[in-house]
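Here the structure is laid out as C-alpha cells; the discussion comes afterwards.
The model shown is predicted, which means the values in this text are computed figures rather than measured ones. All chains are named by letter (A, B, ...) in the order of the sequence lines, taking the proteins before the strands, and each is independently numbered beginning at 1.
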Protein chains: 2
Amino acid sequence: MRGRGPWWQDRLQGMGARITAPRELIIEILHETDDHVSAADVYVRAHQINPSIGLTTVYRTLDMLTQLGIVQKFDFGDGKARYELVNNPNGKKHHHHLICLRCKTIMDYTEFLDEELEFVSKTQGKLSKKYNFTITDHAISFYGLCERCR
Amino acid sequence: MRGRGPWWQDRLQGMGARITAPRELIIEILHETDDHVSAADVYVRAHQINPSIGLTTVYRTLDMLTQLGIVQKFDFGDGKARYELVNNPNGKKHHHHLICLRCKTIMDYTEFLDEELEFVSKTQGKLSKKYNFTITDHAISFYGLCERCR
DNA sequence: TTGATAATGAAAATCATTTTCATTAACTGA
DNA sequence: TCAGTTAATGAAAATGATTTTCATTATCAA
Ligand SMILES: [Mn+2]
Ligand SMILES: [Mn+2]
Ligand SMILES: [Zn+2]
Ligand SMILES: [Zn+2]
C-alpha cells in the first residue's frame with residue numbers, strides 16, 4: 001500500500017513534486033481535522049506549529065492537493081473556499097452535504113450512502129466512457145431551507 | 001400556472017419584495033441565456049439594455065433569486081460565481097456537471113437523468129424528513145481530468 | 001396623490017486569492 | 001558527501017470579485 005514514506009509522498013513524487021516541510025505539515029493538519037477548513041484556518045494552525053510557513057504556500061499546497069484529488073475543495077457560499085481530505089483515514093468518511101440557502105449552514109450526511117454508491121458508480125462509469133473523462137471524485141449537495149430558516 | 005404577471009412576480013411579492021425594472025430585466029436576461037453566467041456577464045448585458053442598472057443591483061438580485069431557489073449559484077473554481085436559472089423554460093433543462101480539476105473545463109450532461117431523478121427524489125425524501133429540511137434543489141458534480149488534461 | 005420605506009447605484013471598502021520576485025531548500029548525479 | 005540545478009517558499013504588493021455605505025429614487029399600499 002505504500003513505499004518508504006506515507007502514502008501521499010508517492011503521489012507527489014510521481015508528478016515530480018518535492019517533499020517539503022510545509023507540505024508535510026499541511027497534510028498532517030488536514031488529517032487532524034474533520035471540519036470544512038478554509039485556507040486561513042489551515043494557515044493559522046500551521047503557523048502555530050511552524051511560524052515560518054506562509055499563507056501563500058498554504059494556498060499553493062491546497063491547490064496542488066486538490067488537483068491531485070487528495071483534497072476536495074468546496075464553495076458553500078460564504079465567500080471562502082473550504083477544503084477536506086478526500087479519504088481521511090483518521091477523520092470522517094466520504095459524505096455529502098445539505099446546505100441552507102438562507103443561513104449557509106452546512107450539514108454533512110452519510111445516510112443512504114449505499115444507495116448513493118450504487119448510483120454514483122453506475123453513472124460514473126457511463127460518463128467517463130462517453131466523455132472520455134477520468135473521474136476521481138464527486139460531490140452531491142442538496143439545497144433548501146433548514147429548520148430554523150423556513 | 002400564474003396570476004396576472006409572469007410566474008416569478010408572484011414569488012417576489014409573496015415575500016414582500018417589489019417588482020422593479022432591474023429585477024425584470026435581470027430575470028429576462030437569465031431566460032435568454034443558457035450559459036453559466038457570472039454577475040459581471042449579467043451586468044454587461046443588462047447595462048447594454050438599460051445603462052442605469054448598477055453591478056451592485058445585479059449582485060443583490062442574483063443573491064435574492066438564489067435564496068428563493070429560482071436561480072442556482074455555482075462555483076466552478078475560476079474565482080467567480082456562476083448562475084443559472086433553475087428551470088429555464090426557454091433554455092436548458094436540469095443537468096449536472098463534469099469538472100476538470102486541471103483546466104477547470106465544465107461540461108454539462110443530461111444523460112442518465114432518469115436514473116438520477118429516481119435516486120435523487122428517494123434520497124431527498126429521506127433527508128428532508130430526517131433533518132427537517134425543505135429541499136428545493138440539488139447539484140451533482142463529478143470531478144476528474146478531461147481528455148486533454150490526463 | 002402621498003407617505004413610508006424598499007430598492008437602487010456610485011463610490012469606497014473588504015477580503016480572499018494570486019502574482020511577483022528575491023531567497024531558500026530538495027533532489028540529482030558526480 | 002557535495003555542488004549545481006531548479007522547484008518551492010514567503011513577504012509584500014497586486015488583483016479582482018463581492019459587499020458595504022449612504023444619499024437618492026421608485027414602488028406600492030392606503
Ligand atoms: Mn463535509
Ligand atoms: Mn450547467
Ligand atoms: Zn438556515
Ligand atoms: Zn482539463
Side-chain angles (χ1 to χ4, degrees), chain A residues 3-6 8-27 29 36-44 46-68 71 73-83 104, chain B residues 3-6 8-27 29 36-44 46-68 71 73-83 104:
Chain A
R4 174 62 49 78
W8 55 269
Q9 299 198 350
D10 303 337
R11 302 288 303 280
L12 294 207
Q13 289 174 329
M15 71 172 310
R18 296 174 179 177
I19 309 299
T20 68
R23 287 173 181 173
E24 257 172 312
L25 180 52
I26 289 167
I27 290 185
I29 287 171
H36 312 103
V37 287
S38 66
D41 292 336
V42 174
Y43 170 72
V44 167
H47 198 262
Q48 206 166 298
I49 295 172
N50 178 350
S52 83
I53 283 180
L55 178 57
T56 308
T57 297
V58 172
Y59 272 105
R60 283 190 286 228
T61 301
L62 290 173
D63 195 52
M64 154 180 259
L65 294 174
T66 300
Q67 290 194 193
L68 283 173
V71 155
K73 181 181 182 181
F74 293 99
D75 171 37
F76 293 132
D78 69 340
K80 55 195 112 197
R82 306 269 164 184
Y83 302 84
K104 311 281 168 70
Chain B
R4 176 63 51 77
W8 56 269
Q9 300 198 349
D10 303 336
R11 302 288 302 278
L12 294 206
Q13 289 173 329
M15 69 173 311
R18 296 175 179 176
I19 309 299
T20 68
R23 287 173 179 173
E24 258 173 311
L25 180 51
I26 289 167
I27 291 185
I29 286 171
H36 312 102
V37 287
S38 66
D41 292 336
V42 174
Y43 170 71
V44 166
H47 198 262
Q48 206 167 298
I49 295 171
N50 178 351
S52 83
I53 283 180
L55 178 57
T56 310
T57 296
V58 172
Y59 273 105
R60 282 189 287 228
T61 302
L62 290 173
D63 195 53
M64 153 179 261
L65 294 175
T66 299
Q67 290 194 193
L68 283 174
V71 156
K73 180 181 182 181
F74 293 100
D75 170 37
F76 294 132
D78 70 339
K80 54 195 114 199
R82 306 268 164 187
Y83 303 83
K104 312 280 169 68

Considering all heavy atoms of both residues, which atom of A:Ala39 and which atom of A:Tyr83 are nearest to each other, and what is their separation?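 Heavy atoms of A:Ala39 and A:Tyr83 come nearest at N-CE1, 4.0 Å.
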Mind listing the closest non-hydrogen atom pair of A:Asp78 and A:Asp75 along with its distance? N-OD1, 4.4 Å
Nucleic acid footprint by protein, nucleotides 20-27 of chain C - heavy-atom cut-off 4.0 Å, B for base, S for sugar-phosphate alone: B----BBS
Please list, pair by pair, any protein nitrogen or oxygen found under 3.5 Å from a nitrogen or oxygen in nucleotides 12-16 of chain C.
residue, atom, partner, partner atom, Å
C:dA16, OP1, A:Lys80, NZ, 3.4

Kindly say whether A:Ile53 contributes a backbone atom to a donor-acceptor pair with the side chain of A:Thr57 at under 3.5 angstrom?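 A pair under 3.5 Å: no.
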Separation of atom [atom1] in [X] from atom [atom2] in [N], rounded to whole Å:
X: B:Ile53; N: C:dA10; atom1: CD1; atom2: C1'; result: 15 Å
X: B:Asp63; N: D:dA17; atom1: CG; atom2: C1'; result: 14 Å
X: B:Arg23; N: C:dT8; atom1: CZ; atom2: C1'; result: 9 Å
X: A:Ile27; N: D:dA8; atom1: CD1; atom2: C1'; result: 15 Å
X: A:Leu55; N: D:dT9; atom1: CG; atom2: P; result: 13 Å
X: A:Tyr43; N: D:dA11; atom1: OH; atom2: P; result: 7 Å

Assess the pair A:Phe76 and A:His36: is the distance between their ring centroids shorter than 6.0 Å?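 Ring centres of A:His36 and A:Phe76 closer than 6.0 Å.
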Quick one: list whatever passes ring-ring contact (aromatic ring centres under 6.0 Å, His included) with A:Tyr43, sequence neighbours left out.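 A:Tyr43 satisfies ring-ring contact (aromatic ring centres under 6.0 Å, His included) with A:His47 once adjacent residues are dropped.
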Side-chain atoms of residues 13-26 of chain A: list all donor-acceptor pairs with protein atoms under 3.5 Å, sequence neighbours left out, distances to 0.1 Å.
residue, atom, partner, partner atom, Å
A:Thr20, OG1, A:Arg23, N, 3.3
A:Arg23, NH1, A:Arg18, O, 2.8

Could I get the full list of salt bridge (Lys or Arg N to Asp or Glu O under 4.0 Å) partners for A:Asp41, not counting sequence neighbours?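 Partners of A:Asp41 under the salt bridge (Lys or Arg N to Asp or Glu O under 4.0 Å) test: A:Arg82.
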What does the inter-axis angle of the helix from C:dT1-D:dA30 to C:dA30-D:dT1 come out as, five pairs per end, nearest 10 degrees?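 The helix from C:dT1-D:dA30 to C:dA30-D:dT1 shows an end-to-end axis angle of 50°.
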Base, sugar-phosphate, or nothing: which does A:Ser52 touch, judged by heavy atoms less than 4.0 Å apart?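 Sugar-phosphate only.
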Got A:Leu12 and A:Leu68 here, is their nearest side-chain heavy-atom distance under 4.5 Å? yes
